[in-house]
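Step one of this worksheet: look at the structure below.
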Amino acid sequence: MKTFRSSAQMRAWSATRVQSGKRIGFVPTMGFLHEGHLALVRRARKENDVVIVSIFVNPTQFGPKEDYSKYPRDLKKDLALLKKEKVDAVFVPSVADMYPLGVKAGNAVPIKAGAVSKPLEGAFRPGHFDGVCTVVKKLFDIVRPQATYFGQKDFQQTLVVKDMVARLRLPVRVIVCPTVREADGLAMSSRNVYLSPSERAFAPVLYQTILQAKNAFLKGEGAKSVEDTAKAVLAIAGFKVQYFSIADAETLASFVADKMPKAARKTAKPGRKWGVIAVAAYLGKTRLIDNVAFVFDRR
Ligand code: PAF
């Protein structure tokens with residue numbers, strides 16, 4: 001397994017693979033890998049000739065009060081895990097390499113995320129998805145993958161990246177893989193390491209509440225009432241909810257009637273729809289996100 005620290009080296013190595021007709025599958029990560037990341041790597045391994053993984057904690061997607069400096073890192077362990085998965089190359093660039101003019105320079109984040117970035121995460125983490133799009137676009141330019149693998153855990157991120165790929169006509173297929181969960185249902189996340197033992201014991205309530213909400217919604221309860229009940233349940237369990245939203249899974253427009261944009265209300269015809277329940281909540285100091293997507297019949 002090769003490890004490249006500079007974008008020039010990574011770019012040159014990838015170019016030789018592309019020239020010899022190899023299909024490159026790419027998994028971008030911020031490291032501190034868990035089974036969720038490894039599931040993406042395994043899928044990439046199955047579907048491509050060459051698998052490249054990047055490990056880069058991207059400063060421009062963190063807000064000033066967020067956890068950039070304390071984001072968990074363990075490069076040695078990550079490299080050992082990736083070697084076991086028979087990854088061909090790992091790209092571990094420095095901040096200076098990815099942002100040669102600095103992260104605070106004017107236009108350090110030149111790619112602006114589309115409209116789907118605005119609700120949910122976008123409302124609580126302004127600029128987050130511009131940082132994600134900027135770094136993902138730079139990584140695609142360096143690695144030149146035909147396929148890239150993202151986890152459904154970051155549901156909105158998958159929509160934002162697909163939207164960027166479509167708008168910029170990038171020659172890469174975005175493949176979304178199911179969320180990997182612990183035995184008790186907690187979605188795997190590098191940030192789970194922040195949870196204290198008692199918080200960890202309560203953390204699965206997040207997923208349980210989403211499933212209960214999904215059942216209630218599918219049985220015909222209104223979106224507003226389902227959301228309100230879920231928020232109350234989570235508050236009792238000790239969560240500070242930022243959002244709990246039942247929404248269209250393509251646009252993230254809320255299904256709560258008075259929050260639905262006019263245009264969406266007009267086109268809300270009966271038929272099969274793809275919905276998502278997405279939540280972000282603090283448990284102590286740890287911010288957790290999760291979601292479940294589902295198909296339903298709009299009457
Ligand atoms: O999902 C992540 O880990 C990050 O947002 C990504 C896609 C690697 C970009 O920094």
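Worth knowing before you read on, the calculation uses all heavy atoms, side chains too, and leaves out hydrogens, waters and symmetry mates. Whatever order the structure lists ligands and atoms in, that order sets their numbers, starting from 1.
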Checklist outcome for this item: For N48 and A147 the tightest heavy-atom approach is OD1-CB, 4.1 Å
Item to check | Identity of the nearest option to atom 5 (O) of ligand 1, non-hydrogen atoms only, from M30, Q157, M98, H128 | outcome: Q157
Checklist entry - With Y282, which residues qualify under ring-ring contact (aromatic ring centres under 6.0 Å, His included), at least two apart? => result none
Checklist entry - Using 4.0 Å as the upper bound for N to carboxylate O, is an ion pair formed by R42 and E35? => result yes
Item to check | Heteroatom distance test (Q61, ligand 1): nitrogen or oxygen, under 3.5 angstrom | outcome: yes
Checklist entry - Hey, are D248 and K273 close enough for a salt bridge, meaning a charged N less than 4.0 Å from a carboxylate O? => result yes
Checklist entry - Which atoms of ligand 1 sit under 4.0 Å from any heavy atom of V135? => result 9 (C), 10 (O)
Next on the checklist: Using 30° and 60° as the class boundaries, would you call the ring planes of F255 and F217 parallel, tilted or perpendicular?
Outcome noted: parallel
Checklist outcome for this item: In ligand 1, the atoms that come under 4.0 Å of a heavy atom of F150 are 7 (C)
Checklist entry - Is it the side chain, the backbone, both or neither of T29 that has a heavy atom closer than 4.0 Å to ligand 1? => result backbone
